[in-house]
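Scroll down for the structure; my scribbles are underneath it.
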There are 2 protein chains.
Amino acid sequence: MSAGLDRIDLKMLRLLQKNGRLTNAELASLADVSPATCHRRTQRLFDDGYIKTVRAMVQPQMVDRAALVMVGVVLDRSTPESFAQFEQAVSKLSFILDCNLVAGDFDYFLKIRVRDMADFNRIHGSQLIALPGVRQTRTFFVMKEVVDNAPLDF
Amino acid sequence: MSAGLDRIDLKMLRLLQKNGRLTNAELASLADVSPATCHRRTQRLFDDGYIKTVRAMVQPQMVDRAALVMVGVVLDRSTPESFAQFEQAVSKLSFILDCNLVAGDFDYFLKIRVRDMADFNRIHGSQLIALPGVRQTRTFFVMKEVVDNAPLDF
DNA sequence: CTAATTATGGAAGATTCTTTCATGTCGGCA
DNA sequence: TGCCGACATGAAAGAATCTTCCATAATTAG
């Protein structure tokens with residue numbers, strides 16, 4: 001698997017992914033190492049970039065972002081400049097959770113969270129179709145979230 | 001906005017979403033409350049379900065999951081039983097990060113992380129098309145991740 | 001086999017957590 | 001207005017945890 005990670009590192013990564021609030025003492029106990037070693041190893045996992053951040057997963061419904069929408073986007077032209085312009089504009093829209101350049105019938109796929117359908121319609125009309133170089137969008141309203149942002153399995 | 005959350009709660013939620021490793025003392029200082037109050041409020045945010053979990057965000061490349069794929073799925077029949085069977089099977093596949101029932105040309109959208117394209121092809125042939133009730137799948141390989149799992153804006 | 005490098009756990013001072021308690025704030029009600 | 005109850009707040013202090021130092025053990029290179 002990944003160079004530089006032994007069995008203990010992997011165990012710690014999995015534990016921290018499941019529960020980022022484990023204290024160093026708890027993690028040490030679960031990973032069968034001393035608190036001192038655990039502390040050093042955890043620091044290394046952060047310093048070397050194995051863990052990007054630790055994030056509290058806020059329940060969307062609780063902060064009025066219950067509606068999830070997937071949007072396929074086709075651009076006018078498939079030039080690097082067109083792509084770059086689109087991507088730069090997308091990065092400034094905070095309601096866009098995912099934006100991926102894909103191979104297939106679309107150029108980009110967006111994952112968007114908003115308050116409700118009315119909110120999405122407003123945003124679609126005013127901000128999405130106004131993104132640079134957009135020829136066409138196809139909207140897929142999410143009716144049921146079966147799996148949402150599952151932890152990485154490794 | 002959300003009932004039961006004042007300005008301080010929202011600030012704490014945003015801070016914890018950005019950095020789930022903030023100590024209580026740090027969070028208290030950033031939110032301009034005493035550590036005692038901060039501690040009580042944080043506990044309430046967890047107990048009342050505003051924060052689902054805290055998760056270390058593991059860099060996929062570092063654990064050999066560099067390939068991202070979006071898959072649109074169409075089922076044979078649109079019956080509740082068919083949907084339920086499909087969803088139950090999907091929930092057991094740990095490489096599926098997102099699974100959403102959508103309105104539009106597909107029944108479901110999947111977001112999948114694997115090692116590489118070869119790995120996906122193997123999984124597609126052996127596990128995806130074998131899911132119960134699948135009539136057709138359409139695969140969109142992600143060529144560039146522009147925005148990946150951005151924090152909620154609220 | 002030896003030496004150098006690296007990793008490990010115990011120990012201890014510094015920091016932080018967590019609870020208690022007295023005080024302060026707000027809204028309802030006579 | 002004045003009183004009361006419910007709730008929130010910050011200071012304080014014992015308990016727990018963090019973080020670093022150090023001597024030792026394990027691993028690797030030559």
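Quick note on labels: first sequence line is chain A, next is B, and so on, each numbered from 1. What you see is a predicted model, and the numbers here were worked out from it, not measured in a lab.
Taking the C1' atoms of five terminal pairs at each end of the helix from C:dC1-D:dG30 to C:dA30-D:dT1, the two resulting helix axes are inclined by 40°, rounded to 10°.
Rounded to an integer number of Å, the gap from B:Arg40 CZ to D:dA12 C1' is 13 Å. B:Arg7 has its CZ atom 13 Å from the P atom of D:dT9, to the nearest Å. What separates CG of A:Asp47 from C1' of D:dT19 is a distance of 14 Å, to the nearest Å. D:dT17 atom C1' lies 14 Å from atom CZ of A:Arg21, rounded to whole Å. Taking atom CD of A:Glu26 as the reference point, atom P of D:dA16 lies 13 Å away to the nearest angstrom. Nucleotide D:dC7 holds its P atom 16 Å from the CG atom of B:Asp9, rounded to whole Å. Atom CG in B:Asp6 sits about 10 Å away from atom P in D:dA8, given to the nearest Å.
Once you apply a 4.0 Å limit to the heavy atoms of chain A, the touched nucleotides of DNA chain C run 5' to 3' over C:dT8 to C:dG10.
A salt bridge links B:Arg122 to B:Asp119: at least one charged side-chain nitrogen sits closer than 4.0 Å to a carboxylate oxygen. Electrostatic pairing of B:Arg41 and B:Asp6 counts as a salt bridge here, judged by a charged N lying under 4.0 Å from a carboxylate O. Taking a cutoff of 4.0 Å between a charged side-chain nitrogen and a carboxylate oxygen, B:Arg113 and A:Asp153 do not qualify as a salt bridge.
B:Gln85 and B:Ser82 form no side-chain donor-acceptor contact under 3.5 Å, judged by distance and modelled atom types alone.
Ring orientation note: the planes of B:Phe106 and A:Phe140 are tilted relative to one another, at an angle of 30° to 60°.
The side-chain heavy atoms of A:Cys99 and A:Phe109, taken from C-beta on, include no pair separated by under 4.5 Å. You'll find the side chain of B:Leu22 reaches within 4.5 Å of the side chain of B:Leu15, heavy atoms only. Contact annotation: the side chain of A:Ile51 never approaches that of B:Gln59 to less than 4.5 Å [non-hydrogen atoms, C-beta and beyond].
Across the interface with DNA chain C, nearest-nucleotide mapping of A:Arg44 and A:Pro35 shows A:Arg44 to be the residue nearer the 5′ end. The residue among A:Asn24 and B:Asp32 whose nearest nucleotide of DNA chain D lies closer to the 5′ end is B:Asp32.
Using a 4.0 Å heavy-atom criterion, one finds that A:Arg41 contacts the sugar-phosphate atoms exclusively. Here B:Ala36 lies in heavy-atom contact (under 4.0 Å) with a base.
Applying the 6.0 Å contact sphere to CZ of B:Arg138 captures no more than 12 heavy atoms from other residues, nucleotides or ligands.
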